[in-house]
Structures are given as C-alpha cells and as structure tokens.
Amino acid sequence: MVALCRKLSTIATPNIFPRKQGYPQINSTQIFIPFSQLQRRRLLEERLVSVLHGSTNLVQIKQVHAHILRKGLEQCCYVIAKLVRMLAQLDVPVHSYPRLVFQQVNYPNPFLWTALIRGYAVQGPFSESIVLYNRMRREGTGPVSFTFTALFKACGAVLDVDLGRQIHAQTILIGGFASDLHVGNTMINMYLKCGFLDCGRKVFDEMGQRDVVSWTELIVAYAKSGDMESAGELFRELPVKDMVAWTAMVTGYAQNARPKEALEFFERMQDAGMETDDVTLVGIISACAQLGANKYANWVRDIAEKSGFGPTGSVVVGSALIDMYSKCGSIEEACKIFEGMKERNVFSYSSMILGFAMHGRAHAAMQLFREMLKTETRPNRVTFVGVLTACTHAGLVEQGRQLFANMEKCFGVAPSADHYACMVDMLGRAGQLEEALELAETMPMQPNGGVWGALLGACRIHKNPEIAQIAANHLFQLEPDGIGNYILLCNTYALAGRWDDVSRLRKLMREKGLKKNPGCSWVEAKKGVIHEFYAGQMTHPESIKIKQALEDLQDRLKAHGYQPILSSVTYDISDEEKKRLLMHHSEKLALAYGLLSTDAGCTIKIMKNIRICEDCHAFMCSASQVMEREIVVRDNMRFHHFHDGACSCDKSKCFDDGRNEMGWTLPEILQLEMSVRLREKKIKNSVLGKIREPNQIGESVG
DNA sequence: GTAGGGTTAG
C-alpha cells in the first residue's frame with residue numbers, strides 16, 4: 001500500500017510544484033507525503049482557482065489571497081497564475097500588486113510567467129512583456145502557446161511589426177507553436193493591426209488548421225481596407241458562418257458607406273436563422289443613419305427593443321440610435337432616447353451634442369455640455385467638435401474662442417486639425433475672414449481639407465473672391481477631384497460679378513473632366529415612401545400636378561413678400577431665365593410634392609445631396625409660415641428646421657450674451673473643469689507614487 | 001488565450 005501511494009504521489013505531481021525551501025519538495029525518495037494529503041491539497045487548489053475565477057472585485061480577490069497565504073500555497077504556480085490573471089483583468093496595474101505576488105514565487109512555471117506577460121500585453125507598458133519573455137528564457141523556462149498569444153497581442157498593441165516578425169520566427173524555431181490554431185490567429189491579428197494585410201493573408205493561407213475566428217479576422221481586415229469584394233469572397237468560402245462573421249460583413253458594408261447592401265446582408269443573416277446581438281445592431285443602425293429615412297429608423301429601433309438591446313439595455317446601441325435619429329431629422333426622438341438611457345458615456349453625450357449642433361440648437365448643445373461636466377464623464381475631441389460647431393452655428397464667437405483656447409489646459413484635450421477647422425469655420429462665418437486665414441496659415445499642424453473648405457465656404461457667404469482663391473488653391477491640391485470646391489469658388493466669383501473668372505474656371509473643370517453633380521432631393525411621402533426629384537426634371541408620374549402646385553405656391557409666397565434671390569444663379573443669363581432655373585430646383589419640387597402628398601400638420605422632411613441655395617432657403621422659410629407647416633431639410637452640411645418663417649440656422653434666434661437661462665458663464669465652466677482635472681491628477685500621482693517603475697523598454701527578442 | 005461595435009467639422 002505504501003509503495004502504491006509512493007508511486008502515485010510521484011505521478012500525480014509533474015512540474016506543478018517548484019523546488020525550493022519553504023514549499024514541500026516533492027521528491028519521493030526524500031519526503032513522503034501521503035496520497036490522501038496530496039489529494040486534499042489538489043482539491044483545495046482547484047477550489048481556490050474556481051473561487052478566483054468567480055471573483056468580480058478586488059476585495060474578493062484579496063480575501064482569497066489571504067486564504068492562499070494561510071494555507072501556505074503562496075508558491076503554488078497554478079493558483080498564483082490565476083490570481084495574477086484575475087488582478088490584471090480587473091485593471092489592477094500589473095507592475096504593482098500582481099508583480100509583487102509573482103516575485104514571491106521562487107520558481108515560476110511557464111503559466112505564471114505568461115500570466116504576467118499577458119498582463120503587460122493588455123495594460124502596457126507593452127515592452128515589459130518582451131523584457132519578461134527574455135528573462136523567462138534566460139532562466140531556462142520554455143514558453144507555452146499562451147506565451148506567444150500574449151506576445152503577439154503586445155506587438156499588435158504597439159504596432160511593432162518588426163518585433164512581431166521576430167516572435168513569429170521564434171514560434172517556428174522553438175517548434176510546434178506555429179501550427180497552433182490560437183497562436184496562428186493572434187499572429188494574423190498582429191499583422192493586420194500593423195497594417196500588413198498580405199502577411200496576415202500569408203499566415204492564413206499557410207495555416208494547417210483554421211477556424212471561424214481566422215476567417216473573420218481576414219474578412220474584417222479586407223472590409224476595413226475598403227475591399228468589400230475580397231471580404232465577400234472569403235465570406236462565401238467560409239464553411240461554417242457564425243453570428244460574428246455575419247456581423248463583420250454587415251458592419252463592413254455600413255462602414256464603407258454602402259448602407260443598402262448592409263441592410264440586404266442583415267436580411268440574409270436573419271433568413272439564415274442567425275441571432276442578433278448589440279454589435280450587429282450597431283452596424284445596422286449605422287446603415288440606417290446613412291439612409292436618413294425614418295421608415296428604416298423606426299424599423300431598426302423595433303428590432304433593437306425586441307431583442308433586448310434597446311437604448312435602456314446597451315449604452316452603445318443607445319448612442320448609435322441617438323446618432324441615427326439625429327441624422328434622420330428627428331432630433332426630438334434622439335432626445336427621448338438620450339433621456340431614457342440608464343447609462344450614458346462620452347459617446348452618448350457627444351452624439352447628442354453633435355445632434356443638437358447639427359440641428360441648430362446651440363443653446364441645447366451648450367446646456368448638455370454643461371450637464372455632462374457635472375457627471376464623471378469627461379469630454380473628448382469629438383465632444384469639442386460638437387461644442388465648437390454649436391458655437392459656430394449660433395455665432396457664439398467669443399464663447400467658442402475661449403473654449404478653444406482652454407481645451408488643453410482645462411480639459412486635457414489638445415486641439416487637432418479638426419478643431420482648427422471648426423475655428424476657421426466659426427471666424428469665417430462671423431465675417432472675420434482675415435483672422436480665419438491667418439489661423440489656417442499658422443496652425444501647428446498641416447491644415448486639412450476641412451480647414452480650407454470652411455474658409456472657402458465663408459468666402460462665398462461674405463463675397464470675398466481674393467481669400468477664396470487662396471483657400472481653393474490649397475483645396476485643389478488636397479482634393480483634386482472635389483467638384484464642390486470648384487463650384488464654391490465659381491459661385492464666389494459669380495457673386496462678385498467676376499464672370500471672366502467664372503468662365504475660366506468652368507473651362508478648367510471641363511478640361512479636368514469634372515462634372516457638376518445634378519441637384520437631387522428626396523421627400524418622404526405617406527407611409528414612409530421616398531420620392532426622388534432632380535433639378536429641372538419633370539419625370540415624376542405626377543409632375544403636371546406638382547408643377548401646378550409649385551406655381552400656385554410661388555404666387556402665394558410672393559403675395560407674402562417672397563422675392564426670388566437671383567444671385568443664387570451663377571450663370572450670366574437673363575433675370576427671367578434665372579427665375580425659371582431657380583423655380584425648378586429639386587428641393588422646391590420635393591416641397592411641392594410633400595405638400596400635395598401629406599396631411600395638414602405633418603412635418604415635411606426633405607433630404608438633399610448638395611447644399612441648399614439661398615433662394616430655396618428663403619422659399620422654405622416663407623412656405624413654413626404661409627402654409628403653416630414644419631419643414632425639415634437635410635442638405636449635405638446640416639439640418640434646417642423651418643418654422644413660422646424662420647430657420648434653425650438663423651443665428652439671431654440664439655442667445656449671444658455668454659450666459660444662458662441656467663445662470664452660468666463660460667469662465668465658471670472652465671473653473672469647474674480645472675478643479676476636476678487637478679483632483680484627478682492628485683489621485684493619479686498618489687497611486688503611481690507607490691508603484692515601482694517597470695524596466696527599460698526597447699529590448700528585442702533574444 | 002483568439003474574431004465583429006457607436007460620435008468628427010467645410
């Protein structure tokens with residue numbers, strides 16, 4: 001019996017227990033441990049690991065750790081590795097508590113080493129993963145497949161493809177690891193993250209064993225590179241398609257501005273009997289946002305609510321819905337979603353602020369920004385794009401300037417080229433064109449198309465062909481195919497009466513083969529059916545009725561003071577001809593059909609592919625008053641809400657004294673945020689002060 | 001251990 005126990009005890013304990021004083025040395029010739037005792041300990045270890053696995057907070061884990069120490073298991077790699085992994089998962093800084101626990105173990109096994117390496121691979125500093133790997137090898141411990149997945153994760157995180165290649169070589173050198181499925185998958189992931197699609201594809205092609213994860217990784221990579229054809233081809237070849245793979249395709253189409261195909265794919269996915277989760281929903285919501293039609297918006301919202309991932313269930317779905325309803329023209333619906341959300345984060349706030357800004361509700365946008373600052377959510381760069389845009393559309397130049405000047409100091413968000421574009425837009429629209437130009441020319445980074453485009457747009461509004469020429473020259477370099485830039489410059493010349501320049505530019509456009517996009521508008525008629533109208537075209541089945549209705553409408557509006565704004569036509573033609581052209585702009589046709597086909601009291605929603613012209617804008621204003629209808633026009637820039645003879649983009653309707661009804665001023669906001677930042681900084685310093693700095697970075701794999 | 005997600009101005 002004794003002999004049997006002796007035999008079993010040696011078999012039952014392979015490399016689990018390290019040899020050193022302080023922990024039982026399992027050498028059957030020197031120390032005899034009864035089998036029952038070993039079994040008890042093994043059971044205890046199993047139990048501790050499972051308790052750790054179920055722990056959800058630091059307090060619970062610390063209790064288990066205390067128990068580990070009481071039972072004398074601080075050298076047991078199996079348990080300690082789990083402890084380290086759980087701590088890292090809970091975002092406890094790896095180089096503090098977990099590292100300390102690791103250092104207490106005299107002989108770490110590969111799994112314990114890997115737990116720590118993985119911790120750094122998730123949290124950073126990523127180079128510490130490599131340092132640890134090298135130390136592990138020097139101390140004679142061989143890696144396991146987990147080690148490589150962790151290392152590839154680290155390389156992917158810092159986009160270090162050279163290091164990734166070295167580790168790739170090691171997987172082949174050490175043997176056996178290159179053919180491991182998970183190692184292969186993380187390797188593909190690393191190459192794709194670093195932007196080496198070909199290398200990822202090569203690993204994929206050479207893999208002996210692939211699973212749906214390997215395929216999906218590549219599908220996503222192709223989708224992100226804009227190559228939906230290759231993505232689709234892979235998807236067709238994929239033997240067993242799961243929900244994630246389907247979602248990758250739906251999202252891919254949505255991200256590549258192909259919303260109709262995204263919807264088609266989603267329908268196919270449902271036909272295939274696939275489940276829908278929050279990630280799928282986000283993809284499809286984004287597609288509906290691009291379509292801008294309420295019919296689809298309501299349809300997808302129903303699906304979201306039925307599947308249990310509605311705005312109250314998921315903060316991500318909620319934020320996507322806010323964005324979708326804003327883009328579909330239903331800012332009220334977006335508000336309702338926002339108010340009904342249980343949890344809100346920076347995405348929810350930013351989407352709502354941008355929604356308000358887009359719809360000309362600067363007041364609401366600023367108020368929401370203020371409310372956000374009272375919560376624990378901190379603004380990010382997108383939030384500032386929203387807030388600055390709101391200031392721009394409300395003509396709040398002084399407030400905008402102060403926010404921009406204090407972004408970095410008070411909020412910790414450094415201004416990017418996009419924020420400079422907002423400022424150039426703001427100054428430009430306010431008529432301060434010289435200052436806007438100076439800002440564009442002196443900004444610390446290379447100005448992007450947005451910056452010069454904003455300036456060019458402002459030059460058209462304020463009829464300044466000289467500065468327009470400068471902005472346009474930059475734009476012609478940055479966006480050689482951007483037809484809109486040529487049109488804007490053309491319009492600016494026309495407004496200034498420089499017809500020679502107009503014809504010179506038109507000739508240049510012809511030479512370059514650039515064609516003006518025909519103006520096109522869509523209007524939602526009954527039951528959400530969408531009707532399309534092109535400028536000057538009378539192809540709609542009811543076009544005779546529409547033409548008559550439009551003429552009647554024009555007469556009524558003229559009686560109320562509407563006069564065609566002839567300068568909106570940039571052709572050197574007779575006034576009569578100009579009037580005729582203006583009257584056939586697509587949005588006017590859409591409006592006439594909207595009035596014919598919807599009931600009194602219904603809001604008329606029109607979408608347009610290019611910017612609404614000044615004349616149509618005045619026409620809509622007047623129509624909203626005379627016909628007593630709410631009219632919403634979404635052009636390629638923003639939303640216009642016409643109500644009782646005014647538009648939401650009319651600056652004079654917004655507050656402009658730096659103070660709103662809440663009774664706060666901008667300096668108060670800045671002060672408030674500064675105190676938050678200081679407090680955060682203090683907390684951070686006090687935590688970091690206790691933690692040892694990790695080793696130097698920059699070591700390569702040896 | 002591995003794959004899919006939301007907000008950006010002219």
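By convention in this document, chain letters (A, B, ...) are assigned in the order of the sequence lines, proteins followed by strands, and residues within each chain are numbered from 1. Owing to the predicted nature of the structure, the values given are computational and were not obtained by experimental measurement.
The pair A:Arg401-A:Glu435 counts as a salt bridge, with a side-chain nitrogen and a carboxylate oxygen less than 4.0 angstrom apart.
Looking at the side chain of A:Ser319, the nearest of the listed nucleotides B:dG6, B:dT2, B:dG10 is B:dG6. Across B:dG6, B:dG10, B:dT8, the shortest atom-to-atom separation from the side chain of A:Asn485 is found for B:dG10. Which of B:dA9, B:dA3, B:dG4 sits closest to the side chain of A:Asn189 comes down to B:dA3. Listed candidates were B:dA9, B:dT2, B:dG10. Nearest to the side chain of A:Val213 is B:dT2. Proximity note for A:Val279 (side chain, C-beta onward) versus B:dG10, B:dT8, B:dG5: the nearest is B:dG5. If you check B:dG4, B:dT8, B:dG1 against the side chain of A:Thr149, the one that comes closest is B:dG1.
Atom pair A:Ile188:CD1 and B:dA3:C1' shows a separation of 10 Å (rounding to whole Å applied). As a whole-Å value, the separation of A:Phe265 CZ from B:dG4 P is 17 Å. Distance, A:Gln89 CD to B:dG1 C1': 11 Å, rounded to whole Å. Rounded to whole Å, the distance from CG on A:Asp211 to C1' on B:dG4 is 14 Å. B:dA3 atom C1' lies 19 Å from atom OH of A:Tyr191, rounded to whole Å. Rounded to an integer number of Å, the gap from A:Leu437 CG to B:dG10 P is 19 Å. Put simply, CH2 on A:Trp215 is 22 Å from P on B:dT2, counting in whole angstrom units. Here B:dG1 presents its C1' atom at 14 Å from CE of A:Met187, a figure rounded to the nearest Å.
Checking A:Thr171 against A:His168 by side-chain atom types alone, no donor-acceptor pair falls below 3.5 Å. There is a side-chain donor-acceptor pair under 3.5 Å between A:Asn345 and A:Ser348. Side-chain contact annotation: A:Thr383 with A:Asn380, donor-acceptor N/O pair under 3.5 Å present.
Within the 4.0 angstrom heavy-atom criterion, base atoms lie near A:Thr280. Residue contacts shown for A:Val451 are absent, as no nucleic acid heavy atom lies under 4.0 Å away. Here A:Leu475 lies in heavy-atom contact (under 4.0 Å) with a base. The residue A:Arg381 sits close to a base: some heavy atom pair falls under 4.0 Å. Nucleic acid contact class of A:Arg85 (heavy atoms, under 4.0 Å, all strands): sugar-phosphate only. Here A:Gly449 lies in heavy-atom contact (under 4.0 Å) with a base. Heavy atoms of A:Lys327 sit under 4.0 angstrom from primed sugar atoms or phosphate atoms, though from no base atom. A:Val220 comes within 4.0 angstrom of sugar-phosphate atoms only, judged by non-hydrogen atoms across all strands, and of no base. In this structure, A:Thr186 reaches the sugar-phosphate backbone alone: every heavy-atom distance under 4.0 Å involves primed, P, OP1 or OP2 atoms, never a base. Among the protein residues, A:Asp418 comes within range of the nucleic acid bases, having at least one heavy atom under 4.0 Å from a base atom. Within the 4.0 angstrom heavy-atom criterion, no nucleotide atom of any strand lies near A:Thr114. Note on A:Lys241: nothing from the nucleic acid sits closer than 4.0 angstrom, heavy atoms only.
Contact of A:Asp277 with B:dG4 (side chain to base): a donor-acceptor pair of N or O atoms is detected under 3.5 Å. With hydrogens and angles ignored, a donor-acceptor pair under 3.5 angstrom links the side chain of A:Ser145 to the base of B:dG1. Counting distance only, with no hydrogens placed and no angle test, the side-chain atoms of A:Glu479 and the base atoms of B:dG10 include a donor-acceptor pair under 3.5 Å.
Two residues are said to be in side-chain contact when any heavy atoms from C-beta on lie closer than 4.5 Å; A:Glu264 and A:Tyr253 fail this criterion. Looking at A:Thr147 and A:Tyr133, their side chains come closer than 4.5 Å, going by heavy atoms from C-beta outward.
The side chain of A:Gln255 places an N or O atom within less than 4.0 Å of a non-bridging phosphate oxygen (OP1 or OP2) of B:dG6. Residue A:His393 places at least one side-chain N or O under 4.0 Å from the OP1 or OP2 atom of B:dG10. Using a 4.0 Å cut-off, no side-chain N or O of A:Arg429 falls inside it from OP1 or OP2 of B:dA9.
Note: A:Phe265 and A:Phe235 have perpendicular aromatic rings, judged against thresholds of 30 and 60 degrees for the angle between ring planes. Below 30°, between 30° and 60°, or above 60°: for A:Trp113 and A:Phe102 the angle between ring planes is above 60°, a perpendicular geometry.
Of all heavy-atom pairs spanning A:Trp452 and A:Ala471, the tightest one is O-CB, 3.7 Å.
Cation-pi geometry between A:Arg378 and A:Phe411 is not met at under 6.0 angstrom from the ring centre and within 45 degrees of the axis.
Of the residues in residues 344-354 of chain A, those placing a heavy atom less than 4.0 Å from an atom of DNA chain B are A:Asn345, A:Phe347, A:Ser350, A:Ser351, A:Leu354, in numerical order.
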